[in-house]
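Whatever order the structure lists ligands and atoms in, that order sets their numbers, starting from 1.
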Amino acid sequence: MRIVVLAGGIGGARFLRGLKRAAPDADITVIGNTGDDIHLFGLKVCPDLDTVMYTLGGGINEEQGWGRTDETFHLKEELAAYGVGPEWFGLGDRDFATHIVRTQMITAGFPLSAVTEALCDRWKPGVRLIPMTDDRVETHVAVTLPDSGADAGPGERKAVHFQEYWVRLRASVPAEAVVPVGAEQAKPAPGVLEAIAEADVILFPPSNPVVSIGTILAVPGIREAIADAGVPVVGLSPIVGDAPVRGMADKVLAAVGVESTAAAVAEHYGSGLLDGWLVDTVDADSVTRVKAAGILCRAVPLMMTDLDATAQMAREALTLAEEVREA
Ligand code: FO1
């Protein structure tokens, strides 16, 4: 079975671990979000690709869900001693090595997709990991920063990089708009459209529907290829009981005018894209609303508390895909 998964960071990576357990013989292609990528200290950092690669390759810091296990921060401290920041973004020494290799290869002329393949030669994630595009796409968030001055006037409206919104500001101010800068001109990376066309099933893990899956779908050609693939497309809600399981999805959902509920996220994707949707058992009463939107829906436990629970979620998604096929 050929499975294509669109993945953001932590939620996508953990789901993939369960999927690999649930379908050990499947041929899994992961299309990774690169809208979170950021250039720091002259290096290209790809948080979501790395989170998938480290999680499936056994190098992830399990507690925080991103970055390397057994990490130290000497390099960052030395840079800070020179007054070189940003200090708010936690890059560890081991992680730095990945960004140095990636940047060196890109500078030498290799596309990000080839670089990712080379990095995965070391980590052996057991899936084919492809960035959504080789082109530069950066998600920016429009915010109004509160005025901290004495004459508290209206705050400053500006666009900040997604990482600045997420990590430095901790999504503490409303996201007024979310813009995947460069997405409109981007082309799907080699292998993306082919994998979608050859898939038997396409899965949306419980990743952020706006800044993770939404950004991947914003690359021209990807949404259309999924909609036209003619195979079941099944998603798992990242919202459980009206709140994101992890992260701050509610903040960016508000920016696109979508309420923070499992049913609203399914409607946001729409029946033109999505065939099946899993909601958590606590959201069982939203099944009727999702079905009314033309999307097959089941309520099952959706908390990725451990590998067994996550593998069971993946099995439920594959079962729902079969039901879609038979419907
Ligand atoms: N998340 C944080 O909350 N704080 C950090 O300092 C931080 C650094 C970081 C460095 C490398 C990396 O691959 C991921 C990192 N993340 C950090 C996670 C990242 O900001 C987001 O969780 C994802 O971009 C959203 O998927």
Query raised in the report: More than 12 foreign heavy atoms under 6.0 Å from CD of E117: is that the case here?
Result: no
Query raised in the report: Would the number of heavy atoms belonging to other residues, nucleotides or ligands and lying under 6.0 Å from CD of E63 be above 12?
Result: no
Top protein contact for [atom], by heavy-atom distance:
atom	result
atom 7 (C) of ligand 1	W66 CH2, 3.3 Å
atom 12 (C) of ligand 1	P47 CB, 3.8 Å
atom 22 (O) of ligand 1	W166 NE1, 3.8 Å

Numbered atoms of ligand 1 (with element) below 4.0 Å of [X], judged on heavy atoms:
X	answer
D95	11 (C)
D36	23 (C), 24 (O), 25 (C), 26 (O)
G90	5 (C), 6 (O), 8 (C), 9 (C), 10 (C)
D48	23 (C), 24 (O), 25 (C), 26 (O)
Q163	19 (C), 20 (O), 24 (O)
L91	10 (C), 11 (C)
R170	3 (O)

Query - Euclidean distance, I38 CD1 relative to E164 CD, rounded to 0.5 Å - result: 8.0 Å
Query - Approximate separation, where rounding is to 0.5 Å, of K187 NZ and M132 CE - result: 13.0 Å
Query raised in the report: Is the cationic atom of R68 (NZ for Lys, CZ for Arg) positioned less than 6.0 Å from the six-membered ring centroid of Y54 and within 45 degrees of its normal?
Result: yes
Requested in this report: Could you check whether the rings of F41 and F96 sit parallel, tilted or perpendicular, using 30° and 60° as the cut-offs?
Outcome: tilted
Report task. Verify whether one side chain among D93 and T72 offers a donor that lies under 3.5 Å from an acceptor in the other. Result -> yes
Query - Between T69 and E62: side-chain donor-acceptor atoms closer than 3.5 Å - result: no
Query raised in the report: Within less than 4.0 angstrom of ligand 1, does Q64 place any heavy atom?
Result: no
Requested in this report: Say whether W88 and ligand 1 are in contact under the criterion: heavy-atom distance to a ligand atom below 4.0 Å.
Outcome: yes
